[in-house]
Amino acid sequence: MKKNFGILGILLVVFIATAIGNPNFLTAYNMFNLLERASLYGIIGIGVAFVIITGGIDLSIGSLIGLVATLLPFIVVQQSFPLAVGLFAIFALSLCVGLTHGVLITRLKLQPFVVTLCGLMIYRGIARWIVSDKTMGYGNETFSGLKVMVGNLSQLPGMSGFSWAKHIPVAFLILLVLGVIASVFLNKTIYGRYLLALGRNEQAARFSGINTSVMIIIAYVICSVISGFGGLLFALDYGSIQPDSFGNFYELYAIAAAVLGGCSLRGGEGSIFGIILGAALMRLLMNSISMLGIDDQLEPAVIGIVILIGVMVDELVKRFAARRRAVKQAKVTTALPEVDA
Amino acid sequence: MKKNFGILGILLVVFIATAIGNPNFLTAYNMFNLLERASLYGIIGIGVAFVIITGGIDLSIGSLIGLVATLLPFIVVQQSFPLAVGLFAIFALSLCVGLTHGVLITRLKLQPFVVTLCGLMIYRGIARWIVSDKTMGYGNETFSGLKVMVGNLSQLPGMSGFSWAKHIPVAFLILLVLGVIASVFLNKTIYGRYLLALGRNEQAARFSGINTSVMIIIAYVICSVISGFGGLLFALDYGSIQPDSFGNFYELYAIAAAVLGGCSLRGGEGSIFGIILGAALMRLLMNSISMLGIDDQLEPAVIGIVILIGVMVDELVKRFAARRRAVKQAKVTTALPEVDA
Amino acid sequence: MNLLDNSPLLIVESVTKRFPGVTALNNVCLSLAKGEVLALIGENGAGKSTLMKILAGVQMPDEGSIRVNGCPVRLDSVQTAQANGIALIHQELNLSGNLSIGDNIFLGREPLRSGLIDKKKIHIEAQSFLTLVGLDVSADVLVDSLSIGQQQLVEIARALSVDAKILIMDEPTSSLSQHETERLMEVVKDLRGRGVSVIYISHRLGEVQELADRVTVFRDGKNAGDLVRDEMNHDRMVQLMVGRDISQFYVRSPHDAGDVVLEVKDLQTAANPGCYLNFSVRTREIVGVAGLVGAGRTELFEVLFGVQPALSGRVMVDGREVSLRSPRDAIDAGIALVPEDRKQQGIILEMTVRMNIGLAGLRQHKKKAGFLNATQEADDTSAMIERLKIKTPDAGQVVQYLSGGNQQKVVLGKWLSIAPRILLLDEPTRGIDVGAKQEIYGLMDELAKKGVSILFVSSEMEEILGMSDRTLVMHEGQITGQLVRDELSEERVMQLATGNVAMGTH
Amino acid sequence: SQNSSDNPEADARPKVAYITNGIASFWTFAEKGAKDAAQEFNADVNIQMPANGVEDQKRICQDLLAQGIDGIAISPIDPDNQGDLLTEIGQRTNMITHDSDAPGSERLCYIGMDNYTAGRMCGELVKEAMPEGGSVMIFVGRLGQANSRLRRQGVIDELLDREPDENRYDEPSAGVIKGEKYTILDTRTDGFDFGKAKAQAQDAVAKYDDLGCMVGLFAYNPPLMLDAVREAGKVGKIKIVAFDEHDRSLQAINDKEIYGTVVQNPYKYGYESVRVLAGLARGDSSVIPENKILYIPARQIRNDNVAAFQAELQRLLSTEESEGTTNVVSEPAGDESP
Ligand SMILES: Nc1ncnc2c1ncn2[C@@H]1O[C@H](COP(=O)(O)OP(=O)(O)OP(=O)(O)O)[C@@H](O)[C@H]1O
Ligand SMILES: Nc1ncnc2c1ncn2[C@@H]1O[C@H](COP(=O)(O)OP(=O)(O)OP(=O)(O)O)[C@@H](O)[C@H]1O
Ligand SMILES: [Mg+2]
Ligand SMILES: [Mg+2]
């Protein structure tokens, strides 16, 4: 958590600055929206974190999201299968995608960047092809039950009585649950420990009796399944899906959130809390840009600059801490010899 | 060159299959187009190869291309500066971009993926902001001189007499020249040797007295300058620049070409010839898809699958060769002990 | 003894260097005369390598001064160090595996012809240096395809090619066997004869005694004393290094070997497919495996540990055949491996002592539905820290800040915590100081007494002679002989290891 | 690419191509029209939707030319700057433009409407929806393409009662544009990212207490704007004016949640393009009108005529369904329009 100081600081500064700049920023309506967006992107950020921790990467997330979101209405509305079949199909698809990535990476020893770059292209092509580039929609009655997931807490059974529940998105609850599970998995189970270990030094992990291939495959499966689930949430929220562009660049958002949150792309490091912060910061920035009336065109530049500053601050904080430790050490060692002598 | 067998094979197969499938494929017109496209993408592929060889990556290429292509007409047409000023400005810009990447990566020890991901966002934002998202055009008279670079050889001074010159794009000549220079640089000069050495083991290179930071910075500068130049060529060829999308995903095409051509993203490996092959294969595929009347929507999927097959074949060839070597070795060693005994 | 100039060539004065968490050098001094071979010894983490890196321009000192030929110098880069005539063979291998041997030897100093690299010249000159160090491989071969020992020889060839006035060798023999080591001794003596000054770091005190004109000893980042040639004997050196006497170095009590535990039949490995290996190990037995660099010993261990598959043959534990397709299988069969390449295969540098020691035992936590058993992990770790006397501030220390010997003990601790029945040790004391060595020997003995079967590879003749109940000798992938304790002698081992004799007894 | 049929007598049938400026379900109707015409006029039509802008469009055209084609109908993404490509096509085959014109090129004919005028029609709807005046936000996928800029400019010019001038461009970065009655607060783009489009709408609702009307210029914008307004509980307070025929937009017009929309007639674009090209291929130049422009006007849809319009669309779709080629049930129409 210590290494999330930099980003937490930036988050607070931007938050306060926007609140001062535009009083409407703090309205319940805007806060709800912000929370919901941060949650959706946070969810896919958590997914990719597992892969990043193994020292890998997944560039196919955006395309998988596009494919899943396209497939569900295709199966359920166009082919008239029951919703359960559709949901199972996209779940199975996500799982197979992750499995394939993992197997290609561990068995054939292909590079994760390459495998998932190909995935980026392949899933996009399939999504476009299946529905001939037609826009898919979630306006259908069938999906109204699922839509609770992108509503507010008061829509949940038994929650309608609480007035505050109206102001909390269900997606935030999902994020919290997922975040806690992921955090426990990563830090409290042996599998999480295996992932962290092999992310640092795969060979040493294998030499310690860890089945690193299986663990890596699991990481890719987790990533793809969470991405697929995230794709469903995004689709429900936006209602309308264009197969050729839905989800484009989402992998970069997810990776950026993970990196901002302290994941090292070299593997072996990552905090779920940090990733949620990272996703929140990115969405906050976009909201602030709107709220403060900053040029729309500059938005990508602002986000890019903030991420850059974030990682730079983190790096400098790390160096500063190391230096301070060295200085402290110096004092200790100059004190000790007198006792020795 | 040996390791380009797989991809060369696929290239030939696709080429012959398309030629059989559609006789129009081999027309001079189509060949010219194909050669030109392959050349343009080959050029940016060569650029990114330098960075990949150091074990780095440059995700900002597409955005830089967009920025450069937007800036030139902005400076020359809208602000009415002379063309030379405009050209110098985009050259200087590309150079500074590369320099900044290199410095952030070597001095601040930031990860290349992160730095250039931020670049991807920042340059896009700046390009959009400077011209307020307006489309920029190269229809202007001022650029007609430059347009020779995307014409055919017969437009070059002294070449109008040769009838064959009409069928060769100038861009192909540029690619050849650049390819030869890059190849010599990489394989015959000490700088190339240093890049290869540090790409595999930076510490070893540093301990050998190589200023690895400077070499890495040089690689990023080369990449950005070539990308900028490539951006100019693309812009001249397409004539119309939408600041918010021009060049999107080009970095992925460039990286894919380099990887197909045998560059390892782990660094230390790369053949210029292979990269050119890689770029050619990708463009050939797109052309073949058109020529054979394959569903347009499937295009990304086809490309993704072919790249995947390409790297898989390369990997299997490599393993097979290793096994054969081992077997050969075995024969030699089994021969020896019998003499001993 | 050589006649030395009065004015030393190199003087290091009160150099201090701090790292986060440690003070590696604390006011150390050192001097080196022209044509002198100075041995630098000290326990792991005493600061030897740190000082050498400072001299080679890789690191900058926090305080202190350095003079070469009487002039103060600021060695802020490898280039300035080279300009001052200083070359360093690093303790860790530093080669680019994607380049050829020749390219590595001349990396950073490539001869040019009309602006381009002169490949021919590189080849010819590199070949001559390879001959000098006794590596019989073409200079065009990629470094990736060499074994660690061979790579070490390439490193040495590179340092020789620099033509330095001061040549620093940081444990050059740590992965060399006797044969190559002797060759290196000759080279060093020859260099001395030509007026080159050498700083020689080694934990093998025998080499030091043979080679050094003078010995400087470091302890805990400080000077602990100097010894001139006449004063140099094993005990004095150890005394200065460790601060106490180590009377009995090789700890061995008589083991009465029991039943056969591990039996290997017609085992064929990928690196040496022409050879079929047969041997067995019994309980309470310590079996040494001797051989030259590249004899195939590591390869054998990796097959036994399931790292790479055997081409054919059988491995039996307790008379039952086991299939070894992964380290997991091996561990399940009761086999553990302490690998040769500690940093790549043994430990996870960025993780804590606790996490490293706990890593192999985590599977036993499965009882708790896969949740970590923090108490068990903590208990295991503190037990190991105590039992192996691991020097660490606490179990939460990151392993990369430990000295090499203590890192090695962490690897041992990881395996002892799951109580293996067959322990494979590949160069267990590589790069480890005498104190830690003795502790490891003691441990091996203790384990054997408790019924563990130990198979260990060593390139150090003394260690083989001192520790093994039985010795297997390998040559070019083949087991050329087995020597029981009574037959064991340096000559016998060398004969078998160099393949100079007819096949030994099986 | 869809070759409409593999007829044995294909030799006699002209091969023509219909090229859009991107992928959008707006073009689904054009595709339908083109196919219907192909059947009627005995031609093969190859429908191509470039996914990646100018570059893709160029590549697709060149590849078609290389295969030999009897005519190309193209919607140039950036007519001003694609002169070289248009010349190349014009020299090699019959070329007409649709949806977006390139008057300076060698095109034989233009089929479509004027985006600027359509924008002004959209502005008229805003005026009707909010006769007493107020502040307006504009949402659009991209401003990079000429048609969206023209559309936006039309809206602004109409609201400010300016003289028509297609070359005017109020830069979005210039900030608030104040007219006598109407104030254009801002224009936000989303780059076809639906998530961002929704966020932009939500942010605007949150930011401006006095927001009077939201205008969505690409088909997917209005439904997302409506979501935002609903969530804020401001339906009716904030007026919405749409563009194109997204089914949710039409439904909302029915429910009086959206005031109205401006629709083009993409079916006609496709139909007429193929008809003209087939005629030209057979040497019949009478298919081209005198002024070389086949004007297909845009229409304004309000609550009073939305039912009839929906029925019209339904008819188109049902024929399509019976053919069994494609069926877009949930989304009968409309994404970002060209
Ligand atoms: N880069 C570094 N960062 C932090 N600590 C370091 C670093 N390099 C060395 N140290 C620490 O400095 C101390 C001295 O290390 P050094 O490598 O000089 O020991 P050494 O005498 O060469 O030991 P060995 O015999 O094991 O090679 C050790 O405690 C080591 O952990
Ligand atoms: N993966 C491999 N593929 C091919 N050859 C290999 C491989 N690993 C090792 N070798 C070769 O097999 C031989 C035996 O190597 P190994 O490392 O097992 O020897 P060793 O006796 O342990 O020597 P060292 O003391 O250098 O470790 C060497 O010639 C080495 O080059
Ligand atoms: Mg050392
Ligand atoms: Mg070995």
Side-chain angles (χ1 to χ4, degrees), chain A residues 52 57 59-60 63 100 104 108-134 243-244 248-249 252 255-256 259-260 264-266 294-312 314-316 318-319, chain B residues 52 57 59-60 63 100 104 108-133 243-244 248-249 252-253 255-256 259-260 264-266 294-312 314-316 318-319:
Chain A
I52 292 180
I57 197 138
L59 298 179
S60 73
S63 293
T100 312
L104 287 176
L108 271 183
K109 303 259 175 287
L110 301 183
Q111 303 176 52
F113 193 98
V114 178
V115 170
T116 58
L117 176 61
C118 291
L120 180 152
M121 300 196 240
I122 295 172
Y123 313 140
R124 180 64 64 196
I126 294 176
R128 292 180 53 192
W129 176 67
I130 284 182
V131 300
S132 297
D133 267 341
K134 300 243 162 39
D244 69 321
N248 261 353
F249 287 123
L252 294 187
I255 295 169
V259 167
L260 256 177
S264 161
L265 291 173
R266 295 182 198 101
I294 296 172
D295 249 5
D296 195 35
Q297 283 74 21
L298 266 182
E299 187 197 87
V302 172
I303 296 174
I305 290 170
V306 171
I307 296 183
L308 201 57
I309 293 177
V311 291
M312 270 161 61
D314 275 353
E315 178 65 31
L316 294 177
K318 216 184 292 171
R319 286 197 196 180
Chain B
I52 292 179
I57 198 138
L59 298 178
S60 74
S63 293
T100 311
L104 287 177
L108 271 185
K109 304 257 175 285
L110 300 183
Q111 303 178 54
F113 193 99
V114 178
V115 169
T116 58
L117 176 62
C118 292
L120 179 153
M121 300 196 239
I122 295 173
Y123 312 141
R124 180 65 65 196
I126 294 177
R128 293 181 55 190
W129 177 68
I130 283 182
V131 300
S132 291
D133 266 342
D244 62 340
N248 261 353
F249 286 123
L252 294 186
Y253 292 137
I255 295 169
V259 168
L260 256 177
S264 161
L265 291 173
R266 295 181 198 103
I294 297 171
D295 249 6
D296 201 36
Q297 284 82 15
L298 268 181
E299 186 196 272
V302 172
I303 297 175
I305 290 170
V306 171
I307 296 183
L308 201 56
I309 293 176
V311 292
M312 269 159 64
D314 275 354
E315 179 65 30
L316 294 177
K318 216 185 290 172
R319 285 196 197 180

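Note that this is a predicted model, so its numbers are computed, not measured. So you know, we letter chains A, B, ... as the sequences are listed, proteins then strands, and number each from 1.
Looking only at side-chain heavy atoms (C-beta outward), A:Leu316 and B:Leu108 come within less than 4.5 Å of each other. The shortest side-chain heavy-atom distance between B:Asp133 and A:Asp296 does not fall under the 4.5 Å cut-off.
Contact count against chain B (heavy-atom pairs under 4.5 Å) is highest for A:Leu265 among A:Ile255, A:Val306, A:Leu265. With respect to chain A, the highest number of heavy-atom pairs below 4.5 Å among B:Val259, B:Leu110, B:Val302, B:Ile307 belongs to B:Leu110.
Of the atoms belonging to B:Glu315, it is side-chain heavy atoms, and not backbone ones, that fall under 4.5 Å from chain A. A:Asp295 touches chain B through its side chain: at least one heavy atom from C-beta onward sits under 4.5 Å away, while N, CA, C and O do not. Proximity to chain A is limited to the side chain of B:Arg319, based on heavy atoms less than 4.5 angstrom apart. Heavy atoms of B:Val311 lying under 4.5 Å from chain A belong to its backbone as well as its side chain. Of the atoms belonging to B:Ser63, not a single heavy atom falls under 4.5 Å from chain A. Only the side chain of B:Leu117 comes within contact range of chain A, judged by heavy atoms closer than 4.5 Å.
Shortest non-hydrogen contact noted between A:Lys109 and B:Arg266 is O-NH2, 4.2 Å.
The CD1 atom of B:Ile130 lies 12.0 Å from the CD atom of A:Gln297; values are rounded to the nearest 0.5 Å.
Remark: B:Tyr253 engages B:Tyr41 in a ring pair (Phe, Tyr, Trp, His ring centres under 6.0 Å) (not counting sequence neighbours).
Below 30°, between 30° and 60°, or above 60°: for B:Phe249 and A:Phe249 the angle between ring planes is below 30°, a parallel geometry.
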For residues 118-126 of chain B, tabulate all N or O donor-acceptor pairs below 3.5 Å that involve a side-chain atom, not counting sequence neighbours.
residue  : atom : partner  : partner atom : Å
B:Tyr123 : OH   : B:His101 : NE2          : 2.7
B:Arg124 : NH1  : B:Pro243 : O            : 2.8
B:Arg124 : NH1  : B:Phe246 : O            : 3.0
B:Arg124 : NH2  : B:Phe246 : O            : 3.0
B:Arg124 : NH2  : B:Asn248 : OD1          : 3.3

